[in-house]
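Letters A, B, ... mirror the listed sequences (proteins, then strands); counts begin at 1.
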2 protein chains.
Amino acid sequence: MAERDRAYHHGDLRSSLVEVAAAMISEGGTASVTMRAIGSRLGVSRGAPYRHFSDKTALLVAVAVEGFKRLNRRLGASDTGASPSSVEKLRRMGEQYVRFALEHPAHYRLMYGKEALARQDQPELREAAGALLENLVEVIRVHQQRGEIEGGDPRAHAYVAWSAVHGLASLLIEKQIDPNVDVDELIRQTTRTLLGGLRDRSPD
Amino acid sequence: MAERDRAYHHGDLRSSLVEVAAAMISEGGTASVTMRAIGSRLGVSRGAPYRHFSDKTALLVAVAVEGFKRLNRRLGASDTGASPSSVEKLRRMGEQYVRFALEHPAHYRLMYGKEALARQDQPELREAAGALLENLVEVIRVHQQRGEIEGGDPRAHAYVAWSAVHGLASLLIEKQIDPNVDVDELIRQTTRTLLGGLRDRSPD
DNA sequence: GGGGCATGTTGACCGCGTCAACATACAAGC
DNA sequence: GCTTGTATGTTGACGCGGTCAACATGCCCC
């Protein structure tokens with residue numbers, strides 16, 4: 001019961017701060033997030049957040065953690081309904097990953113930006129980002145057991161897959177990709193190429 | 001002769017600004033780059049840069065452009081000495097790409113960060129980043145003609161390849177990858193998987 | 001050698017993150 | 001119920017950083 005966040009003056013300000021900060025990031029980008037703006041949006045003064053976060057970065061880390069959790073949930077959800085006997089599941093995960101980034105560009109940027117990641121000491125962040133990787137590893141391991149993906153360290157495969165989808169997401173978000181290309185098709189092609197490479201490694 | 005940047009008061013301050021800013025980014029990260037610091041490092045006041053750049057972001061864009069040019073040069077150099085009749089060239093390009101990012105993390109971050117990319121209106125930046133893609137497309141086209149890479153839009157393949165190396169570079173830079181893994185091996189595995197996927201697309 | 005423009009300087013302003021001193025509200029024990 | 005302590009929120013102030021306007025200075029051209 002020691003953890004009751006309930007109402008002293010405001011009532012669970014900590015959660016509200018994270019929530020509002022996330023909303024502001026989505027609406028106006030990271031630059032629009034200032035301690036003063038967050039406070040005023042919650043009817044609270046600029047100093048109030050410092051009772052819950054040591055500094056602004058700590059708040060942003062919390063927002064990033066929240067982002068990783070949402071992303072993890074979403075990837076986990078791509079589980080359901082997938083035809084279970086093909087790499088389809090991995091393909092869907094990749095697709096959902098990129099889609100998440102496209103739908104929440106500023107939030108995604110924060111998750112992978114140095115602002116948040118400079119604080120990898122923060123165990124929560126390490127854990128949330130780590131969970132992403134672990135899920136990937138697990139899925140790959142399953143596919144390996146089914147012979148759908150070549151053997152070898154599943155973690156290495158996971159890194160490769162992660163790189164591919166993260167790279168695509170990043171390039172799309174940062175508008176490095178010609179807006180005329182069909183994004184859906186590009187996502188499909190990326191996952192296809194990736195899976196093709198994982199499936200069949202011809203010797204040198 | 002109209003473009004002589006030579007000495008009014010300082011002597012080609014514009015170039016010096018870009019140079020010093022790039023150096024400071026490498027040494028102390030983007031946060032360490034302030035107009036005042038840049039100025040004092042050049043023996044110039046804080047206001048001087050504004051005679052050459054409309055604002056700080058414009059300066060950073062110039063630094064980013066310089067980064068893309070360096071990266072392009074480096075990728076072009078991986079041309080020489082590669083055994084010309086295999087995808088080896090593409091593999092080397094990928095490797096050099098990631099290595100560049102690892103050697104200049106802050107600079108690389110800037111190149112792909114919103115700070116610079118928000119100014120895509122800036123034609124120089126579009127051009128420098130575009131050249132990267134064009135080079136990739138060209139190499140892929142050559143490999144396609146040799147039958148080493150599957151057909152289809154080479155631009156799409158280029159985006160996929162770019163995503164893979166950029167994603168890996170980004171994850172490495174942001175310390176998302178377990179420091180215990182062998183980076184060289186991971187780079188090799190990524191390019192191998194990528195090329196495998198590009199080479200051989202088995203039908204669904 | 002004087003006028004005009006490019007370049008550099010300085011003072012000032014504002015917004016920001018942050019801290020310390022202060023204020024207030026809630027909980028618990030008497 | 002009242003006191004007291006602590007968790008929470010407020011306010012004033014500081015320093016830093018980007019930026020602009022007013023001013024100063026050097027260079028080129030006529």
Side-chain angles (χ1 to χ4, degrees), chain A residues 1-21 24-25 27-64 106 110 113-116 118-119 122, chain B residues 1-21 24-25 27-64 106 110 113-116 118-119 122:
Chain A
M1 228 46 97
E3 272 288 37
R4 289 305 290 269
D5 299 293
R6 282 240 259 97
Y8 269 88
H9 297 75
H10 174 276
D12 200 4
L13 181 59
R14 190 177 205 281
S15 306
S16 300
L17 287 169
V18 176
E19 191 180 327
V20 164
M24 292 179 69
I25 284 177
E27 293 163 16
T30 314
S32 74
V33 179
T34 79
M35 293 306 240
R36 286 163 166 85
I38 296 172
S40 87
R41 186 133 152 185
L42 282 165
V44 143
S45 81
R46 63 188 191 276
Y50 288 90
R51 297 296 164 183
H52 302 274
F53 297 96
S54 62
D55 56 27
K56 188 186 179 184
T57 303
L59 207 187
L60 292 182
V61 167
V63 175
L110 171 68
K114 68 169 167 35
E115 279 286 304
R119 300 287 175 95
Q122 227 79 16
Chain B
M1 231 42 98
E3 273 286 35
R4 292 304 291 266
D5 299 294
R6 284 236 261 93
Y8 269 88
H9 298 75
H10 173 276
D12 200 4
L13 181 59
R14 189 178 206 281
S15 306
S16 300
L17 287 168
V18 176
E19 192 180 326
V20 165
M24 292 180 69
I25 283 177
E27 293 163 17
T30 313
S32 75
V33 179
T34 79
M35 294 306 241
R36 285 163 167 86
I38 296 172
S40 86
R41 185 136 154 183
L42 282 165
V44 141
S45 79
R46 65 190 189 273
Y50 287 91
R51 298 295 164 183
H52 303 274
F53 297 96
S54 63
D55 56 26
K56 187 186 180 186
T57 302
L59 207 187
L60 293 181
V61 167
V63 175
L110 172 67
K114 68 170 167 36
E115 279 286 305
R119 298 289 174 96
Q122 226 80 16

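For the pair Arg14(A) CZ and dA7(D) P, the interatomic distance rounds to 16 Å; values are reported in whole Å. To the nearest angstrom, P of dC26(C) lies 14 Å from CG of Leu13(A). Taking atom CE of residue Met35(B) and atom P of nucleotide dT10(C), one finds them 17 Å apart after rounding to whole Å. Rounded to an integer number of Å, the gap from CZ of Arg51(A) to P of dA7(D) is 10 Å. Rounded to a whole Å, the CD1 atom of Ile38(A) is 14 Å from the C1' atom of dT18(C). Between Tyr50(B) atom OH and dA22(D) atom P the separation is 17 Å, expressed in whole Å. Atom CG in Asp12(A) sits roughly 15 Å away from atom C1' in dG9(D) (whole-Å rounding). Atoms NZ (Lys56(A)) and P (dC19(C)) sit 14 Å apart, rounded to a whole Å.
A 4.5 Å side-chain heavy-atom check between Tyr50(A) and Leu59(A) finds every atom pair outside the cut-off. A 4.5 Å side-chain heavy-atom check between Asp12(A) and Ser15(A) finds at least one atom pair inside the cut-off. Put simply, the side chain of Ile25(A) reaches to within 4.5 Å of the side chain of Leu60(A), judged on heavy atoms.
Among the heavy atoms of the strands lying under 4.0 Å from Ser45(A) is at least one base atom, whether or not backbone atoms are also near.
Considering only side-chain N and O atoms, His52(B) lies under 4.0 angstrom from the phosphate OP1 or OP2 of dG8(C).
Under 3.5 Å, the side chain of Arg36(B) and the base of dG18(D) form at least one donor-acceptor pair of N or O atoms. Residue-to-nucleotide contacts include a donor-acceptor pair under 3.5 Å from the side chain of Arg46(A) to the base of dT18(C).
A residue-by-residue look at Gly47(B) and Ala48(A) shows that Ala48(A) has its nearest nucleotide of DNA chain D further toward the 5' end.
Taking the side chain of Val44(B) as heavy atoms from C-beta on, and the options dC16(C), dT19(D), dT9(C), the nearest nucleotide is dT9(C).
Taking all atoms of both residues into account, the shortest heavy-atom contact from Lys56(A) to Thr34(A) is NZ-CA, 4.4 Å.
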